Amino acid sequence: MNPFVFHVPTKIAFGEGLASGTADIVKELAGSRALILTDKPLMKTGIVEQILEGFADMKYVIFDDVPPDSDVDCVNKVADLARSEECDCIVAIGGGSVMDTAKVVNICLTLGGEILEYQGLNNIAEQLLPLVAVPTTAGTGSEVSMVAMVKDRAEGKKLLFGSRYLAPSVAVLDPLLTVSLPPKLTAATGLDALTHAVESYTAVISNSVFTDSLCIDSTKMIFENLRAATKDGGNIEARSQMLVASTMAGVAFTNSGVGVVHALAHSLGAKFGTHHGIANCIFLPHGMQFNMDAVTQRYAKLSRLVGMSTSSKDTVAASELIEAIETLCTDCGLPRRLRDAGVPELKSDDIEELAFLTGSDPAIMFNPKECSPEDIKGLYERAY
Ligand SMILES: NC(=O)c1ccc[n+]([C@@H]2O[C@H](COP(=O)([O-])OP(=O)(O)OC[C@H]3O[C@@H](n4cnc5c(N)ncnc54)[C@H](O)[C@@H]3O)[C@@H](O)[C@H]2O)c1
Ligand SMILES: [Fe+2]
């Protein structure tokens, strides 16, 4: 067996209605003045209000204006607010945009200085303030991951922060919070989780039995429940399976990395604002096809283990996994080409710029096959 290291720094708790006890979790972490982060659409759902009831006997300040694909300006603004209010813990209620913002705010709040000093991998070397992550989408895995991304809008790119100290202290998984997520976002975030599982299963350092088990089971759970969660948002069992699957895939990828599909999605998101899950669902089959010769056996094994193929021929079983992903996306109403997802026509300059961003994205380091600039350009052209 290959040597490996496996981390799960986050305490993971799951239960229907669990989020209403978030304040108690904060108290257990010795938080006395919480910074609560969320976004405007979530405020309208009533989810946040319900959680805030538990904070009635605690001091807190709320910032409810985190934008989708949050940015450095938002982080600096929130960090100033938290400093002036002397907050000693953070609660993130939302999807990946809110959770990632909370993680980067935590860096500024705990360590001070300029946010850009800490970007990249392992530039944070000490414990941060307690952070409780309450995901309201089932997709990003940010509630357990050791990474966060926010946009540098001026530079037109996404900045990555990676350190084991970024993993939230507690992940509060309450499927009732995901009921209000509209079908398209349910499907798109579900495909983000599936992309984590598939890319993590084939990433270059994906050699641990722990990550393999998480990838296999989460892939199976997503195939079995995403259609139901998308079709009937009130199906609590499907919502529960999706939420837990996305956290499992999050634990997997944060230990083993992702790959070219994420590098493409990050770059497209930085340039055109395409939702991360939508970008992933379009790029995933193309990325898998590109990686096919390097990891045919791995795709074939995954395909059989999750019930997508009975073929003993690896090439057939691997192709059947890609076909099954295509069918899942179509059944969930997801766009299959970038042009159908609001991406404007890609001119050669755009493709050059995107290829440069993709080639320098940290996710690509973990891809099982080398990607040349020409390979990357070809992927954009095929996906368009
Ligand atoms: N740190 C990580 O490990 C990691 C991994 C993958 C993605 N990400 C990041 O996560 C971000 C995407 O996150 P996301 O896909 O969760 O989307 P999001 O957080 O951007 O949310 C999308 C929209 O859905 C709404 N929403 C969220 N939950 C809802 C609910 N329950 N009911 C109704 N509306 C709801 C939000 O208000 C928002 O308008 C990207 O910035 C991406 O880079 C981070
Ligand atoms: Fe992702």
Side-chain angles (χ1 to χ4, degrees), residues 10 19 37-48 50-51 64-71 74-75 92-104 131 133-151 157-163 166-168 171 174-200 229 233-234 239 242-243 246-247 249-255 257-259 261-270 273-281 283-284 287 361-363:
T10 305
L37 279 184
T38 188
D39 63 29
K40 294 280 187 209
L42 275 163
M43 288 300 283
K44 289 197 190 127
T45 63
I47 289 173
V48 182
Q50 211 183 327
I51 297 174
D64 66 2
D65 205 9
V66 176
D69 273 336
S70 182
D71 53 51
C74 174
V75 166
I93 306 167
S97 298
V98 172
M99 292 188 283
D100 278 15
T101 304
K103 289 170 166 182
V104 186
L131 193 165
V134 189
T136 62
T137 61
T140 70
S142 182
E143 66 277 8
V144 286
S145 79
M146 300 180 251
V147 293
M149 291 192 89
V150 291
K151 265 188 179 174
K157 60 180 187 179
K158 276 191 152 189
L159 306 177
L160 173 95
F161 300 81
S163 157
L166 280 178
D174 182 344
L176 302 185
L177 304 189
T178 63
V179 166
S180 54
L181 194 63
K184 191 173 171 195
L185 276 168
T186 300
T189 50
L191 256 293
D192 184 21
L194 183 63
T195 308
H196 295 153
V198 172
E199 289 212 287
S200 169
R239 289 291 194 185
M242 282 307 303
L243 187 56
S246 90
T247 301
V251 173
F253 90 74
T254 205
N255 277 279
V258 275
V261 176
H262 266 78
L264 292 160
H266 293 154
S267 310
L268 190 81
T274 313
H275 180 266
H276 181 69
I278 295 282
N280 275 329
C281 84
F283 288 127
L284 181 59
D361 188 282

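Atoms within a ligand are numbered from 1 in the order they appear, just like the ligands themselves. Positions are given from 1, in the same order as the sequence printed here. Small disclaimer: the values here were computed from a predicted structure and weren't measured.
- For Lys158 and Asp69, the salt-bridge test passes: some basic side-chain N is under 4.0 Å from an acidic carboxylate O.
- With sequence neighbours left out, the side chain to side chain contact (heavy atoms under 4.5 Å, CB included) criterion links Pro182 to Leu185.
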Checklist entry - Can you check side chain to side chain donor-acceptor pair (under 3.5 Å) on Thr10 and Glu143, steps first, answer last? => result CA-CA 8 Å; Thr10 305; Glu143 66 277 8; over 6 Å; no

Item to check | Asn280 vs Leu191, side-chain contact (heavy atoms from CB on, under 4.5 Å): CA-CA, chis, key distance, verdict | outcome: CA-CA 7 Å; Asn280 275 329; Leu191 256 293; 5.6 Å; no

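- For the Fe ion (ligand 2), the nearby protein N/O/S atoms, meaning those under 2.8 Å, are Asp192 OD1, His196 NE2, His262 NE2, His276 NE2.
- Shortest non-hydrogen contact noted between Thr140 and Phe253 is O-CE2, 3.5 Å.
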Next on the checklist: His262 vs His196, test: side-chain contact (heavy atoms from CB on, under 4.5 Å). Steps then yes/no.
Outcome noted: CA-CA 8 Å; His262 266 78; His196 295 153; 3.0 Å; yes

Next on the checklist: Using side-chain contact (heavy atoms from CB on, under 4.5 Å), reason through Ile51 and Val134 one step at a time and then give a plain yes or no.
Outcome noted: CA-CA 10 Å; Ile51 297 174; Val134 189; 4.2 Å; yes

Next on the checklist: Working note: Met99 + Leu37, criterion side-chain contact (heavy atoms from CB on, under 4.5 Å); need CA distance, chi angles, decisive distance, verdict.
Outcome noted: CA-CA 8 Å; Met99 292 188 283; Leu37 279 184; over 6 Å; no

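- Closer than 4.0 angstrom to ligand 1 lie heavy atoms from Asp39, Pro41, Leu42, Thr45, Ile47, Asp69, Gly95, Gly96, Ser97, Asp100, Lys103, Thr136, Thr137, Thr140, Ser142, Ser145, Val147, Ala148, Lys158, Leu177, Ser180, Leu181, Leu185, Thr189, Asp192, His196, Phe253, His275, His276.
- Listed by chain and number, the residues in a side chain to side chain donor-acceptor pair (under 3.5 Å) with Thr189 amount to none (sequence neighbours excluded).
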